[in-house]
Protein chains: 2
Amino acid sequence: MCPCSPDDAPVNGVNGVNGHANGTNGHANDVNGTNGVTNGDHSGFTPISSRSHNPRNPYAPVGDFLSNVGRFKIIESTLREGEQFANAFFDTEKKIEIAKALDDFGADYIELTSPAASEQSRLDCEAICKLGLKRSKILTHIRCHMDDARIAVETGVDGVDVVIGTSSFLREHSHGKDMTYIKNTAIEVIEYVKSKGIEIRFSSEDSFRSDLVDLLSLYSAVDKVGVNRVGIADTVGCASPRQVYDLVRTLRGVVSCDIETHFHNDTGCAIANAFCALEAGATHIDTSVLGIGERNGITPLGGLMARMIVADRDYVKSKYNLEKIKDIEDLVAEAVQVNIPFNNYITGFCAFTHKAGIHAKAILNNPSTYEIIDPADFGMTRYVHFASRLTGWNAIKSRAQQLKIEMTDAQYKECTAKIKALADIRPIAVDDADSIIHAFYRNLKHGLNKPLLQDMTAQEQALLAQKEKELAAEPEKRALDEQVDAEADADRLIKKAKTNGITA
Amino acid sequence: MCPCSPDDAPVNGVNGVNGHANGTNGHANDVNGTNGVTNGDHSGFTPISSRSHNPRNPYAPVGDFLSNVGRFKIIESTLREGEQFANAFFDTEKKIEIAKALDDFGADYIELTSPAASEQSRLDCEAICKLGLKRSKILTHIRCHMDDARIAVETGVDGVDVVIGTSSFLREHSHGKDMTYIKNTAIEVIEYVKSKGIEIRFSSEDSFRSDLVDLLSLYSAVDKVGVNRVGIADTVGCASPRQVYDLVRTLRGVVSCDIETHFHNDTGCAIANAFCALEAGATHIDTSVLGIGERNGITPLGGLMARMIVADRDYVKSKYNLEKIKDIEDLVAEAVQVNIPFNNYITGFCAFTHKAGIHAKAILNNPSTYEIIDPADFGMTRYVHFASRLTGWNAIKSRAQQLKIEMTDAQYKECTAKIKALADIRPIAVDDADSIIHAFYRNLKHGLNKPLLQDMTAQEQALLAQKEKELAAEPEKRALDEQVDAEADADRLIKKAKTNGITA
């Protein structure tokens, strides 16, 4: 759903009234674009949810009975899936640092590499179990085999995540077992781990290329012997969101235990798939910091938070320390020697940068116009980029005012025209734009005509003169801008007057 | 859908038989995990599609009447949306270079910044129209205003993309117009552009926060006057995949023209949303190279190709020069001064890298086990990472054989154990692993006991000795590995025998 503003209360999730529709049939109750609704005095009445409490936005999905969008849990797998990332080599100290950071963040579970993978993996697992983390439970991830289960249980973990391939690909080319062997071994391992009083999850690998009947039979069998969670894994990253919804929803009708999901990102759907899985009744999502893992990884922790805060801000903010994400990402990126991608969710350098004039203007009026996430929720700040040919005079006015330079609107517009002309000639840095505004203001105040940028070449100055001439000869574009702005202002005034009960 | 192998024929899209279900009810016709199907002789019969031709994988979505997954078109917006990216400054020469590269790739349309944005934008638009590109049509993107439309038409473009904000946010805080004004202006602009004999698209901005009734009324009106396409834009990146499906599907029932969609990636759903839009009947997807655009951008071209090749490999390969993606991404990344993200779809340095022992082993047997995309389709290569503590002996055996070093399986296993022990002590580069294999083999051949790595410190050598001692004292893990491998081999032999008609 798209809440109308980051400050709106979430409407999806636990209060769902309809298990089928997803919101396209709703009728608008905000036809005139005004948000105020007067409910009158209802003291003495107990409010109840009913269909008439539709969200204002008709596209917000009708809450689904199955949806766990407002009550999901995270299984953070940077120290397991993430350790399988090509560049990852975490020594004990680094693992402990990452585990503590994830605990501070509020990860519900931290999943570790199998203690059967190497002697050091076993020692690291034991060391992390002994940390006594405040919020995160410790899991380890093992093959479906009694020997691995015994080693795992001895490390002191809170739970064990068991996995085995079920697709014909993996049965044939990886472990070579048939479904009967898989089921019997799974039940043996589950009963053993349960007897030790710790949690156990059973997951197929490559679930989306496994046989549906096999899969449901197997999950039904492990559910009956009391497994805590079953897992659905898109091991190769082939699943699409609606497939995920359908498979998880079908599984939700077959098992009574929790449902964990694990999505690889080979085809760019890892976050969307996680979201659709929660809508369909999954309870747990596997993540890793920056999404690191086999190939190009899995659902990234920061990206999932971006998705979920839009879906249920209150739940996400009440549960996770979102402002820790940047530090955790920096920590892991350094450890695995990668750069934070320029377009990373939340923390990428342009996640909250606005550039086009039309965007900048609206953002300055109301950030919700072009922002669905409030950067402050993550301890980040918004940045309006104004030093480009696409800038608008509203952005320049705002920047000038930040610089304590007051001019008339006509002067801001003239200054903007000069910046646009310069930006047509060469890239302008933020520093340059500031210099231009200052220089323009000085010229204005002292009746000067000095160059607006100090380090311009003769060629650039000639080009600029030509641009300015062109701009002067073409007033219609600026006139259009001004007309649009004036009309917008007039419309706003009329609307405000109407809202205040005055008829225009 | 998840095809069983990259070589399988696609089953989705044009041959859909059911508009509703998405594949969870299918029954398996591959219960035993064998892929061979004997069809016998059918000469004289005309094959027809029928329900019995279900794909082998029951999760493959049942083809949807509305789906355009197998016949979509791309509107490549690097030179419009991408120009709004914080770092973008494309001069004329760079724009021409990018436009030519996109034409070589096979982009159906190239969308350019409004010629009304600046004088240079207008000149660049004219220059690109004059290139006479072979495959790509040229569009420009303008505000819904006659003045902009007149300027656009004069540039020589093949079509005009008109946009106006329709959410109450944008109507109030950006342009300030009401829906009647929007509709009337839209019709005026559409009729004018059509009269010039070129294509026209009309799109709302922020469609997912707009009033549904307003939106459908407006689209219905512009459809009636003969607009070529209407556009749905998730301007703030708030939409979820199932919302997208529902809105596009609803719209599909209201208009008869094409449907273009534009998805921002703020909450990580841009690729998934594009895919669901196509499933629901959208025809055109907006992309940009590396996804660059406002904030953290839109559906990336490479990422969309990753998604679509899994959905319909034949269509994608027949239409687009996929091996050009890497060059185009390098070109744009350099122009906007960003690094290709480590986890970029297709071209990121680890997109086709496999690390965990269990993965490496299966990949060597059959790449489809852990790969849904064949890297060769994109001119890329697979890389099996074997220099880690998570490596398995199959990966080391494969690497040794690449190095022309033949040993017994027992010797490969011993060599693997040494590499794992070393990798527990410090990160090992690929070069190091090669050196170790060579050194191990030399020691073996000449009965030596020289150090396996040249540059080890005394401390590292002491640690290694300790690790090796530990490994020697703990045979059960290796024994387990060997037992699992032996069983797998035996199962495979039995299965092969069965397939050949021999009963075990």
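To find a chain, count down the sequence lines: A is the first, B the second, and so on, and within it residues start at 1.
- Checking side-chain atoms of Arg307(A) against main-chain N and O of Cys238(B) turns up a donor-acceptor pair under 3.5 Å.
- Annotation: side chain of Ile372(A) is in contact with side chain of Arg209(B) (closest heavy-atom distance under 4.5 Å).
- In this structure, Asn273(B) CG and Cys269(A) SG are separated by 9.0 Å, a value rounded to the nearest 0.5 Å.
- Once rounded to the nearest 0.5 Å, the distance linking CD of Glu294(A) with CZ of Phe352(B) reads 13.5 Å.
- In this structure the side chain of Ile373(A) reaches within 4.5 angstrom of the side chain of Thr267(B), judged on heavy atoms.
- Taking the side chain as every heavy atom from C-beta outward, Ile292(B) and Phe342(A) approach each other to under 4.5 Å.
- The structure places CG of Asn343(B) at 11.0 Å from CG of Asp266(A), a figure rounded to the nearest 0.5 Å.
- Judged by distance alone, with hydrogens and angles left aside, the side-chain atoms of Arg242(A) form no donor-acceptor pair with the main-chain N or O of Tyr245(B) at under 3.5 Å.
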*Checking side-chain contact (heavy atoms from CB on, under 4.5 Å) for the pair Asn296(A)/Tyr345(B): CA distance, chi angles, key distance, verdict?*
CA-CA 7 Å; Asn296(A) 60 7; Tyr345(B) 308 103; 3.9 Å; yes

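- Only the backbone of Asn344(A) comes within contact range of chain B, judged by heavy atoms closer than 4.5 Å.
- Lys420(A) contributes atom NZ, which lies 12.0 Å from atom CD of Glu119(B) (distance to the nearest 0.5 angstrom).
- With a threshold of 4.5 angstrom between heavy atoms, Leu290(B) approaches chain A through its backbone and through its side chain.
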